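Below: one structure, written as structure tokens.
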Amino acid sequence: MNEKVNISYYTAKKMLMELLANDYLLKDEEVKKLLKKMASKNDEKNGCLPQSTPIIIDTQCRLFFPMYSDKEVKMSYLPKTVYIFFLLHHSGVEFKNLDNYLKELYQIYQIVSEEKNIEAGKIKKSLNNLVEPGNNRIYEICSVVRKTLSEILPAELVTQYAITGKWGGLHRIKAKRSLLEIRHEKLKQITFE
């Protein structure tokens with residue numbers, strides 16, 4: 001049986017502050033989601049727009065948006081490869097010309113999947129399918145990336161951090177590259193532009 005307990009504001013605040021200070025509540029995923037949701041609603045009421053967040057690619061090639069979550073942005077190898085490719089191509093790329101970038105995509109894919117030792121033939125087959133003219137695979141991958149980002153970032157920021165563009169035109173990630181922090185040594189050495 002659920003009974004309501006009436007306690008004073010002061011007592012409730014003191015209890016909450018104690019729990020937060022001892023880190024009990026902040027370890028609970030359900031509580032973290034609720035606090036994030038409440039903070040988001042509070043920001044909306046106050047007219048605050050979400051802030052841009054750094055994009056961190058760590059030493060193990062994991063993606064993070066630290067201002068919004070301490071969790072890794074998990075993507076399978078192909079979407080992560082495509083996302084990093086577009087992060088490194090500041091000015092963007094037309095999807096119809098992706099086949100011109102097979103070597104670069106392959107290089108990134110190898111870095112992203114380096115600990116799994118995926119055979120070269122499988123990587124090439126996957127990438128050839130991605131860049132094949134008339135194939136919608138690139139749009140499917142961009143949709144996966146967008147969905148993954150929307151699980152971490154506020155809705156207002158997803159467009160800034162997703163791969164966007166007009167059909168037949170240039171596609172790019174709008175976020176400023178000053179927000180990109182690459183800690184992975186092999187990725188640091190890649191420069192396309």
Side-chain angles (χ1 to χ4, degrees), residues 49-132 135 137-166 169-193:
L49 294 173
Q51 293 182 349
S52 296
T53 177
I55 308 161
I56 295 176
I57 303 173
D58 75 0
T59 57
Q60 297 165 340
C61 213
R62 297 177 304 174
L63 286 166
F64 294 92
F65 293 91
M67 284 181 61
Y68 291 98
S69 177
D70 56 353
K71 288 184 181 178
E72 174 188 0
V73 180
K74 293 198 177 203
M75 293 184 217
S76 58
Y77 298 138
L78 188 56
K80 187 185 276 190
T81 297
V82 170
Y83 192 67
I84 291 172
F85 171 83
F86 277 93
L87 283 171
L88 296 175
H89 278 277
H90 307 193
S91 57
V93 172
E94 292 180 356
F95 287 168
K96 66 182 178 184
N97 296 328
L98 267 180
D99 57 336
N100 295 332
Y101 299 93
L102 257 175
K103 184 179 176 185
E104 296 170 11
L105 286 161
Y106 183 79
Q107 188 178 5
I108 295 169
Y109 200 115
Q110 282 185 309
I111 292 168
V112 166
S113 66
E114 70 185 342
E115 61 194 46
K116 293 292 181 191
N117 278 336
I118 297 172
E119 68 179 68
K122 286 186 179 179
I123 295 173
K124 286 180 181 174
K125 184 178 179 183
S126 182
L127 292 175
N128 281 330
N129 184 31
L130 177 77
V131 302
E132 186 179 309
N135 188 335
R137 186 74 176 130
I138 186 64
Y139 291 99
E140 293 168 11
I141 294 297
C142 289
S143 179
V144 167
V145 168
R146 184 181 202 84
K147 183 180 182 298
T148 304
L149 295 177
S150 69
E151 293 169 3
I152 301 285
L153 298 171
E156 299 83 6
L157 285 182
V158 172
T159 302
Q160 182 181 342
Y161 287 88
I163 302 163
T164 59
K166 295 191 187 284
L170 209 59
H171 284 75
R172 59 187 292 268
I173 297 170
K174 295 176 185 174
K176 295 176 186 166
R177 288 315 176 272
S178 60
L179 295 170
L180 178 59
E181 183 180 332
I182 300 174
R183 297 177 183 168
H184 191 283
E185 287 306 315
K186 289 181 182 176
L187 277 178
K188 278 184 187 178
Q189 296 168 10
I190 297 175
T191 52
F192 300 133
E193 297 177 30

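Keep in mind that this is a model prediction, so the values were computed, not measured.
- Counting only heavy atoms from C-beta outward, the side chains of Val158 and Arg146 approach each other to under 4.5 Å.
- Among residues at least two apart or in separate chains, side-chain hydrogen bond (donor to acceptor under 3.5 Å, both in side chains) pairs with a member in residues 120-130 are Asn129-Asn135.
- Residues passing the ring-ring contact (aromatic ring centres under 6.0 Å, His included) test with His171 are Phe95, sequence neighbours excluded.
- Between the Arg137 side chain and the Val131 main chain, no donor and acceptor come within less than 3.5 Å of each other.
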Practice problem: Would you sort out whether Val145 and Phe86 count as a side-chain contact (heavy atoms from CB on, under 4.5 Å), showing the intermediate values? | Solution: CA-CA 11 Å; Val145 168; Phe86 277 93; over 6 Å; no
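- A heavy-atom distance below 4.5 Å is not found between the side chains of Phe64 and Val73.
- Test Ile173, Val82, Leu187 against Leu87 for side chain to side chain contact (heavy atoms under 4.5 Å, CB included) and you get one pass: Ile173.
- Put simply, OG1 on Thr81 and CD on Gln110 are 10.0 Å apart, with the number rounded to the nearest 0.5 Å.
- Closest approach of Pro66 to Pro54, counting heavy atoms only: CD-O, 3.3 Å.
- What you find for Arg177 and His89 is that their closest heavy atoms are NH2-O, 4.1 Å.
- Atoms CD and NZ, from Glu151 and Lys74 in turn, are 12.5 Å apart once rounded to the nearest 0.5 Å.
- The closest side-chain heavy-atom distance from Ser52 to Gln160 is below 4.5 Å.
- Judged by distance alone, the side chain of Thr53 and the main-chain N or O of Met67 form a donor-acceptor pair under 3.5 Å.
- Of all heavy-atom pairs spanning Cys61 and Ile84, the tightest one is SG-CD1, 4.0 Å.
- Counting only distance, with no hydrogens or angles, the side chain of Tyr77 and the backbone of Ile123 share no donor-acceptor pair below 3.5 Å.
- Taking every heavy atom of both residues into account, Ile141 and Pro79 meet most closely at CG2-CA, 3.6 Å.
- Separating the CZ atom in Arg183 from the CD atom in Gln60 is a distance of 11.5 Å, to the nearest 0.5 Å.
- Contact annotation: the side chain of Tyr109 approaches that of Ser113 to within less than 4.5 Å [non-hydrogen atoms, C-beta and beyond].
- In this structure, Ser150 OG and Leu157 CG are separated by 12.0 Å, a value rounded to the nearest 0.5 Å.
- For the pair Tyr83 and Thr148, the minimum side-chain heavy-atom distance is 4.5 Å or more.
- Atom OH of Tyr68 is separated from atom CG of Leu153 by 7.5 Å, given to the nearest 0.5 angstrom.
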Exercise. Start with the C-alpha gap between Arg62 and Ile56, add the side-chain angles, then the distance that decides, and say whether side-chain contact (heavy atoms from CB on, under 4.5 Å) holds.
Key: CA-CA 8 Å; Arg62 297 177 304 174; Ile56 295 176; over 6 Å; no
Practice problem: Go through the steps for Val144 and Met75 under the test side-chain contact (heavy atoms from CB on, under 4.5 Å), then give the verdict. | Solution: CA-CA 8 Å; Val144 167; Met75 293 184 217; 5.7 Å; no
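- Atom NZ of Lys96 is separated from atom CG of Leu170 by 10.5 Å, given to the nearest 0.5 angstrom.
- Annotation: side-chain contact (heavy atoms from CB on, under 4.5 Å) contacts of Lys186 (sequence neighbours excluded): Ile111, Glu114, His184.
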Quiz item: side-chain contact (heavy atoms from CB on, under 4.5 Å) between Val112 and Leu78: does it pass, once the steps are laid out?
Solution: CA-CA 9 Å; Val112 166; Leu78 188 56; over 6 Å; no
